[in-house]
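Report on one structure; see the data block that follows.
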Amino acid sequence: MAPMMHYLRALPRLHLYLLAAVLSAITLTVLLLPEEQAAPASEPRLVETLKPATEAKADQEPALDASPEPASVVTATEATPPAPSEPAALAPKPEPAPALAEPVSPVVTENWVEYTVKSGDSLTTLFQRAGLGARDVYRISQAASGQGALKYLKPGQTLAFLIENGELRKLRHIQNRLSYTLIEQTEAGYQVEQVERSPQPQTAYAEAQIQRSLFLDAADAGLPQRTIMQLAQIFGWDIDFALDIRKGDHFSVLYEQDYLDGEPLDRTRILAARFVNKGKTFTAVRFTNSEGDSNYFSPDGHSMRKAFLRSPVDFRRISSRFKPERYHPVLGRKRPHRGVDYAASTGTPIKAAGDGKVIWRGTKGGYGRTVILQHGGNITTLYAHMSRYQKGVSNGTRVKQGQTIGYVGASGLATGPHLHYEFRINGVHKNPLTVALPAADPVPEHEREAFAKQASQLVAELERHSDTRLALNTADTTP
Ligand SMILES: [Zn+2]
């Protein structure tokens with residue numbers, strides 16, 4: 001960037017203006033990407049959430065994937081696609097947008113006039129709609145470009161104008177409910193400021209006994225759908241929610257939900273939870289370590305997660321299992337199969353089974369496009385026959401468990417699209433479906449004290465709510 005600035009300074013003034021005009025023309029074109037966020041209409045209804053029960057199991061993202069990120073502008077250029085539910089949290093409420101409502105009638109709030117960005121809009125078309133001209137577009141884009149403001153106008157977002165006597169005084173680019181860019185006219189020209197709002201978390205509690213399904217009963221108990229998914233993720237390592245759930249199982253959840261201006265946001269995080277499955281009790285508490293990473297642990301400090309996903313892809317079926325027999329020249333053509341084949345459609349994301357480092361990314365004979373990861377404990381995992389690699393994943397890249405590293409394909413020697421997956425300990429192939437998976441790291445020694453204090457507080461609060469509920473129920477049913 002620095003050399004570029006020197007170059008700019010060296011240019012004659014006129015050239016500078018021309019260059020700026022060209023640059024702003026490029027950067028201000030609206031991205032025509034369709035909104036990633038789900039419109040309210042497509043929000044899954046609870047009836048349909050029965051299906052995700054199995055998906056939650058197969059899709060064993062790190063439990064915290066669903067936890068809120070600090071409010072930040074969602075850009076379209078992230079290498080890793082956000083977890084499916086993530087953008088919804090920050091999603092601007094898209095307007096229902098009546099079809100063919102031309103000319104667009106603006107929403108007037110005091111002196112502010114707001115326009116919703118539509119597909120195909122650019123800064124120019126939006127300014128025209130607000131009655132402003134090319135000169136205003138130029139001046140605003142000049143001010144904005146230095147800070148990367150107004151760069152990504154996405155359909156569904158809002159531009160708000162404050163115009164007085166034909167002069168644009170203020171412009172707000174509202175990215176979502178929690179963040180907007182304010183461009184304000186001052187003596188010194190237009191000033192740009194990025195504003196982030198902080199929601200207020202509120203603690204809530206829910207508990208239920210399973211009568212029909214986790215999803216239906218948890219929804220009846222008032223648990224937000226997002227929180228139900230988080231619950232299934234936290235305990236998904238120990239409980240198979242598709243197969244293990246029984247009538248009479250019981251859970252209790254202490255969670256936080258974020259509010260903005262008194263309205264609940266779709267941002268929740270579980271603080272502590274307990275699940276009784278077939279008489280066995282599992283308890284989890286959330287702990288944020290000194291580096292700011294949050295994870296779930298049992299009250300004695302063991303991670304609720306395993307260090308590896310059992311299956312690193314959402315598959316249709318297992319098309320070939322692990323067969324360790326070696327080729328025997330006398331007996332004939334017995335060929336070993338040193339991994340598992342997961343049949344899935346081309347393009348299905350392949351996830352890193354565990355935290356690790358990429359030690360191979362490239363074509364590898366019959367394996368086709370292949371990624372090999374090195375993990376702790378002398379474990380390596382191999383992913384073959386990819387159709388393509390994930391952008392940004394190359395030799396030496398550090399990856400997190402659940403992060404997409406490539407996509408299912410049929411490169412190399414493969415008769416159809418599938419993932420061939422291998423798991424090696426000290427170079428020896430193990431059956432990925434049965435190998436004992438190590439637990440993820442426990443709470444580190446130096447954080448034990450802080451953890452123990454927080455864990456006992458959370459468990460106490462969880463039990464206090466539970467006892468209160470029990471007392472109320474008992475009072476109801478006894479004469
Ligand atoms: Zn295979």
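Both ligands and their constituent atoms are indexed starting at 1 by order of listing.
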Heteroatom of H420 nearest to the Zn ion (ligand 1) (N, O or S, atom name) = ND1

query = Which atom, counting only N, O or S, brings D341 closest to the Zn ion (ligand 1)?
reply = OD1

query = Does H337 put an N, O or S atom under 2.8 Å from the Zn ion (ligand 1)?
reply = yes

ask   = Taking only residues two or more places apart in sequence or in another chain, which ones pass salt bridge (Lys or Arg N to Asp or Glu O under 4.0 Å) with D249?
value = none

Scan the side chains in residues 452-460 for donor-acceptor partners under 3.5 Å anywhere in the protein, sequence neighbours excluded, and list what turns up.
residue	atom	partner	partner atom	Å
Q454	NE2	R286	O	3.1
S456	OG	A452	O	3.2
S456	OG	K453	O	3.0

ask   = Would D220 and R212 pass as an ion pair if we require N to O under 4.0 Å?
value = yes

request  = Give a yes or no on whether a salt bridge exists between E463 and R274, defined as a side-chain N under 4.0 angstrom from a carboxylate O.
outcome  = yes

